[in-house]
Amino acid sequence: MLEKLWLKMTAIFLSYVTVAVFVLSTFATAVMGYYKFYFSSKDTVKAEVLEDLAADEALYAADLFESDVNLTKYYRDKNVRYEAEDIETGEIIESNYNNEEYIAFSEMTDYEWIAREQTDDFGNVYQVSEPVPKATVKIYIPQKMEKSDIFSVTASLVEFGYPLKYGMIFIAVISLALSIVLLCYLFCAAGHVKGGEIKCNAFDKLPFDILFATVAVCIMLGLIGVYEMRFNDPLTIILLFIVGSVGYFLGLGTMLSFATRIKTGTLLKNTLIYKILKFLFGCIKKLWKFAKNVISGIPFVIKWILLFAAFLVFCLFSAFFVFFIFEYMSEFLGGLLICGAVAALIAAVVYVLVILGRIKAGSEKISSGDLEYKINTDYMFGDFKSFAESLNNISNGLQSNINERMKSERFKTVLITNVSHDIKTPLTSIINYVDLIKREKTDNETISNYVDVLYRQSSRLKKLVEDLVEASKASTGNLPVNLTECDITVLLSQTIAEFEENLQKSELIPVLNVCDGGVKVLADGRHLWRVFDNLMNNVCKYALPGTRVYIDVKKENGKATVTFRNISKYQLNISADELMERFVRGDSSRNTEGSGLGLSIARSLAELQGGRLDLAVDGDLFKAAVIFDAIK
Amino acid sequence: MYNILICDDEEDIVKALKIYLEAEGYGTVCTYNGNEALKALRENDLQLVLMDIMMPECDGITAMVKLRETSNIPVILLTAKGEDTDKILGLNVGADDYITKPFNPVEVIARVRSQLRRYMQLGGSDKSEENLVIGGIELNDAAKRVKVDGEEINLTPTEFEILKLLMQNEGKVLSPKEIYRRVWNDTAYAAEGTVAVHIRHLREKIEINPNEPRYLKVVWAHGYKIEKGV
């Protein structure tokens, strides 16, 4: 129903008719209300209406009389009787009134302008003219109207209209209701085309603001044109009708187009203002992009120099204002401007400092190993933001790298543990059967020598496998660590006691140098023992027999240091760093027992507990220092 | 003659153990997984079990749990892993001792002998009031005698006093200074070394493997304690 074109056209036409009827009936009702149709009888209304006309006519007649127009001739074809009476004498000057019955009566005084001389307070003489009543013009509208003129038409209109006075209200209401229904239908149907779609027609594609303005101006011009004309002219009525009709159709079309546009959502977009704004916005956007490109293309330093130059120019400008323009106006205003500039500078400096502080704190955190830390980039812009983001990205990259490495290290540890288990089983058999062979009595000395080699080497293999597992666990931190308060002096005495026999066997003399009072550190006793164990094992293996081994415990600057010093049995022609590497041993020939993992394990374990192991080689002097944070 | 059950999936290891144990005069029954071990336990008169943890079909831990439902026979676990968690698990399900692979045959024999002595003499020791007993250690204060798993051990008077002090404070960690003060009745001054050396000797006398003590434990950087258990 919303799509049928003929239905719409019919509705438009019908709405035009109903609206016209509504306008006319309302107008008629208003006029009838004005002339008291609803409160007085028909004759009274008629008399009153005709009296109004008679008053107009009297005014006109007085004018005519003044201009010495022959009134009898003028009123020959009209239903008007008149009488002109001299005021001074009371005699009738002119008349065509024969004492007939009349409905309406009106009179008007005719004045004559008489000039006379007058003297003001300064004795100047000047002329004034003032009206002097001359005659009274009386107008009678007779009961019987023989001629056709405005009075007879008015009278018959009242005759015709009076019985319709209530009917008119009814018609107005009905036509209003019909109009509303039709208009509602039209608004609903606006834009609907065949197929249930809502589409804009050519009319709807005109920019709405242009359309609206054009239609509004047309209607206004038409109304003004009509208003300028005289009303009782029949041509005016026709013109009014034409203007009203055209205005109605234009207005209706615009409103229907408005409805269609709302439905299709093109109301705001399809306006000239919107298009202009959009164009302007696009221009600004392009300009901004261009400016941004230019700015980002400027090297860092020059950018900031330009910024400061701009600030300087602003300062000079404000200074100029203060000293040359505001000098006479307000010193306060100028001062305010300068204060504002200084405040802006201070704010900018504070902002930069705060941002730099944030970046500094973040970079320190990241460089100290806290890769989880992210610099907060809120309220940062430009170079600062990109700087902070780069730092965050570095830490991200490092973090994923480290995670990856941790994963592979852990995998390696698991692999080593499993492999070592698989090695241990056959190794057990080897060791046991070598032992069994050793127990067999044999006179063949060569065989017993060979068996000794087998025994020694299989024992070394056992030690190597054990150390390998421990080294991989310690270096990947795959060990549980329970940090407690540990007394280093106690641990050292325990260690020396454990190595008593070994030291004697290696002909070494331990010299302990312990500072007064216990030295306590935060460590895991078992792991710390393993550190000392490895270092002492090293001493026993590689120290020159018959020398002294110095073990010092010191507490300095909040650090507890345990130093092992010994003279090497072999010439140490490798650096301390290389000694710490896995599988590197003091003797490059690798003939002695030991896995070459001892120092590496010791260092990993020390680091696992938050400590450090430093090595130093000075000629034949080998020095190992275990350093922990001392606690009181 | 005691009969010992050997259980390991490695035939060579089983054979080697068999040779060692038979050389010491023990009878042996050889099995190669947990199920066989449980079956052998039902069919034979056995006094001790030597069992590996990692075995196919029925592993050592599972076999331990089943075995302990019916028997309190001493069990020594053989483990190749050497992980602390494995040891603790093994001991928790009821093993009496453990030996890590690759093992020293002498140590195996010593542990077997020790377990058998304790098992066979259980309840036979005199538990008079002056006797302090922790695990296999018996200390008679009046006679100044110490027995470990029923075997008498010679201790010097200082070692005896230290052992007594530690046994009186079972499970408690005593620092070298405190031990010195209470044993020597003197203020400790640089006494840690002296105490440490004595304890080292004491440990060598009462432990089978002083590097893996069953009773006298070193609490590194703190002191020493005696603990019941393996």
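Lettering follows sequence order; numbering is per chain, from 1. No experiment lies behind these values; they were computed from the predicted model shown.
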- Could you check which of A:V465, A:T425, A:L528 has the highest count of heavy-atom pairs closer than 4.5 Å to chain B? A:T425
- Message: Are there over 12 heavy-atom neighbours, none belonging to B:K39, within less than 6.0 Å of that residue's NZ?
- Response: no
- Query: Does the side chain of A:H421 come within less than 4.5 Å of B:K101's, by heavy atoms?
  - Reply: no
- Query: Is the number of heavy atoms from other residues, nucleotides or ligands within 6.0 Å of NZ (A:K520) greater than 12?
  - Reply: no
- Task: Indicate the atoms forming the closest heavy-atom contact of A:K424 with B:P102, along with that distance.
- Result: CG-CD, 4.0 Å
- Message: Distance check, rounded to the nearest 0.5 Å: B:K177 atom NZ versus A:D487 atom CG?
- Response: 7.0 Å
- Close side-chain approach of A:I431 to B:F103, heavy-atom, < 4.5 Å: no
- Item | Among A:S459, A:S429, A:P480, A:A523, residue most engaged with chain B (heavy-atom pairs, under 4.5 Å) | A:S429
- Name, in order of residue number, those residues of residues 11-20 of chain B that have a heavy atom at a distance of less than 4.5 Å from a heavy atom in chain A; otherwise write 'none'. B:D12, B:I13, B:K15, B:A16, B:I19, B:Y20
For residues 152-162 of chain B, dump all side-chain donor-acceptor pairs below 3.5 Å to protein atoms at least two apart in sequence or in another chain.
| unit_1 | atom_1 | unit_2 | atom_2 | d |
| --- | --- | --- | --- | --- |
| B:E152 | OE2 | B:R145 | NE | 3.4 |
| B:T156 | OG1 | B:E159 | N | 3.2 |
| B:T156 | OG1 | B:E159 | OE1 | 3.4 |
| B:E159 | OE1 | B:T156 | N | 3.1 |
| B:E159 | OE1 | B:K205 | NZ | 2.8 |

- Query: Which bit of A:I488 comes within less than 4.5 Å of chain B, counting heavy atoms only: side chain, backbone, both or neither?
  - Reply: neither
- Item | B:V218 versus chain A, the contacting section by heavy-atom distance below 4.5 Å | side chain
- With a 4.5 angstrom heavy-atom cut-off, could you sort out which part of B:V195 is near chain A: side chain, backbone, both or neither? neither
- At a heavy-atom separation under 4.5 Å, does A:T484 approach chain B through its side chain, its backbone, both, or neither? side chain
- Message: Looking at B:K66, I'd like to know if its NZ atom is crowded, meaning that more than 12 non-hydrogen atoms belonging to other residues, nucleotides or ligands lie closer than 6.0 Å.
- Response: no
- Separation between SG (A:C486) and NE2 (B:H222), nearest 0.5 Å, reads 4.0 Å
- Is it true that atom OH of A:Y455 has more than 12 heavy atoms of other residues, nucleotides or ligands lying nearer than 6.0 Å? no
- Query: Who pairs with A:D435 by salt bridge (charged side-chain N to carboxylate O under 4.0 Å, His left out), at least two apart in sequence or on another chain?
  - Reply: A:R439
- Message: Can you confirm whether B:Y32 is buried at OH, in the sense that more than 12 heavy atoms of other residues, nucleotides or ligands lie under 6.0 Å from that atom?
- Response: yes
Donor-acceptor pairs under 3.5 angstrom involving side-chain atoms of residues 494-501 of chain A: please list them, not counting sequence neighbours.
| unit_1 | atom_1 | unit_2 | atom_2 | d |
| --- | --- | --- | --- | --- |
| A:Q494 | OE1 | B:A221 | N | 3.0 |
| A:Q494 | NE2 | B:G223 | O | 3.1 |
| A:T495 | OG1 | A:L491 | O | 2.6 |
| A:E498 | OE1 | B:R200 | NH1 | 2.9 |
| A:E498 | OE1 | B:R203 | NH2 | 3.0 |
| A:E498 | OE2 | B:R203 | NH1 | 2.8 |
| A:E498 | OE2 | B:R203 | NH2 | 3.1 |
| A:E500 | OE1 | B:H201 | NE2 | 3.4 |

- Query: Rounded to the nearest 0.5 Å, what separation is found between the OG1 atom of A:T428 and the CD1 atom of B:I99?
  - Reply: 11.0 Å
